[in-house]
Amino acid sequence: MRDFRGSHPAMLSKVWSAATLGIDAVRIVVEVHARLAELPRFVMVGLADLAVRESHARVWSALANCGFRVPCRFITVSLSPGDVRKEGSGFDLPIAVGLLKALEILTDADIAGRVFVGELSLDGTITPVRGTLSISAALAGDETIRELIVPAANANEAAAVQQVSVVGVPHLLALVAHLKGHQPIAPATSVNARDSEVDDLDFAEVRGQTQAKRALEVAAAGGHNVMMIGPPGSGKTMLAKRLPSILPRLSLEEGIVTTKIHSVAGVLPPGSGLLARRPFRAPHHTISTAGMAGGGTQLRPGEVSLAHHGVLFLDELPEFRRETLEAMRQPIEDGVVIIARAARTVTFPARFTLAAALNPCPCGYYNDSRRPCTCTPHQISRYLAKISGPLLDRIDLQVEVAALTTDEIASEEASESSTSIRARVEAARQIQRDRFRRAAIRCNAELTTRAMRRVCELDDASRRMLVSAIDRLGLSARAHDRILKVARTIADLDAAEKIAATHVAEAVQYRALDRAYFR
């Protein structure tokens, strides 16, 4: 055992660390004061949660198992600023470094300009933590930061921010050797597989369903929400799973934000870099409201945020609890989730494409030519009434997915690939980027009322068709606006400057199910 008692009765050290707040991060100063005492004692202040307060047991055991003998000391740890709640186990490493500095094992020069984040196992192994990409991004451009020290499993993730020198360390002894300059660890380089991305699922594998494929293409081109109604086995889930394959590829900025969310939520696999593919989230219908919208005791992002810049697929939509579905109304409209608690308020991004699927009735065979429906009108009405009108208004496209015929099932005809469809989607998105380059709008689904008046002008024939459809279907003002947005997207797919009557007619067609099912 190495006995480092120090020559002073009391020593104070300050170590830089960081904590996540939502998907952002704030710097935390870890102060460790150690003074001689007859019996060892550990006190922590600074609004720490249970996981942080338990760190002394992990730190003490890790130091002992690494051969560092800690004498009897009264140790006080302060985490500042004191009004920011500290959560998780990422403060183990800075506390251990601060204690080693207080015991004169490390010097001020060893820790100056370095930020430490990591959890300690009892044997001294440094294990991964959440939110290292958020921390790295928060430190970018800070010239006072020399290195960000993270667990080796988080190095690839944190190194995605190239403005910060990230060092991944596997063990406490390796960290001490690095800090002392005995065995320096080279900075990590993020491995990015974005250029070699290959989609596992392709629309070429889907037989038939031409209308449903077209609806998904329109949804992808304009960022619209889509709902598919059809009997079991008609291919709704198969189609939804392939929606990400025709969405535009993630940009670098989108990849960073999406990876931040997954890192903070703790669902990013260890060793991962930036996410290369748009997320596809398909929660089970038993999910809680907090699981969907976010929250919980530690305010984690929910499924609507994990699907940010991707697809949120809700299969068997009426089976979800009504309050869970209603919790999505604000994220669908605003693109963010605001979670307010007594202690703090956190905002998570939630700009996703909603893809919903449902059967037309409890038995699943209403309006199916192959099998008779066994449900009564009251059962059908009660089943579909679980989806509220306000939520339905926020779904831009509604498409009926009929069961495949025998000829379609046996057909050997090749379907159009996702690559071909994505090319048209990318072209339409580029038109929208050029149109909105001076506005905070990415796609047609995000059009504001003012912008819609400017870019969705109709001629007399188109206007008459739209007014007639609204009167016939009894659509709301919100549904009227969404028809215009969808028509604008269809015109963009045709590279048309103005919306024509044919574009309005197709957009109205995607609202026809409002009357066919939801009465």
Side-chain angles (χ1 to χ4, degrees), residues 214-227 247-248 254 308-309 328-336 338 349-354 388-399 424-515 518:
R214 171 63 176 177
L216 292 178
E217 179 181 339
V218 174
H224 303 288
N225 301 319
V226 59
M227 180 173 68
L247 289 173
E254 290 174 335
H308 184 60
H309 290 320
M328 297 194 305
R329 284 165 52 180
Q330 183 234 347
I332 291 174
E333 199 71 23
D334 301 333
V336 295
I338 301 174
R351 184 73 67 184
F352 57 89
T353 297
L354 174 64
S388 69
L391 178 61
L392 191 63
D393 276 348
R394 288 167 169 82
I395 299 177
D396 303 346
L397 298 98
Q398 306 159 6
V399 60
R424 295 195 296 269
V425 169
E426 288 276 15
R429 284 290 184 109
Q430 186 58 51
I431 292 173
Q432 294 165 49
R433 283 191 289 267
D434 294 341
R435 178 187 299 135
F436 305 129
R437 61 183 177 275
R438 294 175 180 163
I441 299 174
R442 300 179 304 112
C443 56
N444 290 332
E446 300 174 13
L447 277 169
T448 62
T449 302
R450 178 179 298 179
M452 193 164 51
R453 294 195 189 100
R454 178 171 54 86
V455 303
C456 297
E457 295 182 3
L458 301 178
D459 56 24
D460 291 340
S462 301
R463 187 174 294 105
R464 285 195 299 271
M465 178 177 293
L466 181 57
V467 170
S468 174
I470 291 174
D471 290 340
R472 187 174 68 254
L473 298 178
L475 300 178
S476 66
R478 182 181 283 113
H480 165 273
D481 291 349
R482 292 189 178 274
I483 288 176
L484 281 179
K485 294 176 184 180
V486 172
R488 179 67 267 175
T489 298
I490 297 171
D492 291 340
L493 284 168
D494 288 345
E497 183 178 350
K498 295 185 178 180
I499 299 175
T502 55
H503 303 142
V504 174
E506 184 178 352
V508 169
Q509 171 189 319
Y510 297 129
R511 303 297 308 190
L513 295 179
D514 279 334
R515 276 304 188 190
F518 297 92

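Because the structure is predicted, anything quoted here is derived from the model rather than measured.
The distance from atom CG of L458 to atom CZ of R464, rounded to the nearest 0.5 Å, is 11.5 Å. Rounding to the nearest 0.5 Å places CG of D460 at 12.5 Å from CE of M465. To the nearest 0.5 angstrom, I483 atom CD1 is 11.5 Å from Q509 atom CD. Between the OG1 atom in T489 and the CG atom in D494 there is a gap of 11.5 Å [rounded to 0.5 Å].
Listed by chain and residue number, R424 satisfy the side chain to side chain donor-acceptor pair (under 3.5 Å) test with E217 (two or more places apart in sequence, or in another chain). Applying the side-chain contact (heavy atoms from CB on, under 4.5 Å) test to A491 and every residue at least two apart in sequence or in another chain returns R488, A496, I499, H503. In terms of the side chain to side chain donor-acceptor pair (under 3.5 Å) criterion, residue partners of R329 (sequence neighbours excluded) are, by chain and number, E326.
A distance-only check finds no donor-acceptor pair linking the side chain of D396 to the backbone of V486 [under 3.5 Å]. Without hydrogens or angle criteria, R454 side chain to A451 main chain gives no donor-acceptor distance under 3.5 Å. In this structure, the side chain of Q432 engages the main chain of A221 through a donor-acceptor pair within 3.5 Å. A donor-acceptor pair is defined here as one N or O able to donate and one able to accept, closer than 3.5 Å; such a pair exists between the side chain of R429 and the backbone of A220.
Minimum heavy-atom separation, D393 to R482: O-CD, 2.8 Å.
At a threshold of 4.5 Å between non-hydrogen side-chain atoms, the residues L392 and Q398 count as touching. Annotation: side chain of R394 is not in contact with side chain of M328 (no heavy-atom distance under 4.5 Å). The shortest distance between side-chain heavy atoms of T502 and I490 does not fall below 4.5 Å. The shortest distance between side-chain heavy atoms of F352 and I332 falls below 4.5 Å. Using a 4.5 Å heavy-atom threshold, the side chains of K485 and M452 count as touching. Annotation: side chain of R351 is not in contact with side chain of E254 (no heavy-atom distance under 4.5 Å).
At a cut-off of 3.5 Å, with distance as the only test, a side-chain donor of Q430 or R433 sits close to an acceptor on the other residue. Side chains of D459 and S462: a donor on one and an acceptor on the other come within 3.5 Å.
Using a 4.0 Å cut-off between charged nitrogen and carboxylate oxygen, R435 and E446 do not count as a salt-bridge pair.
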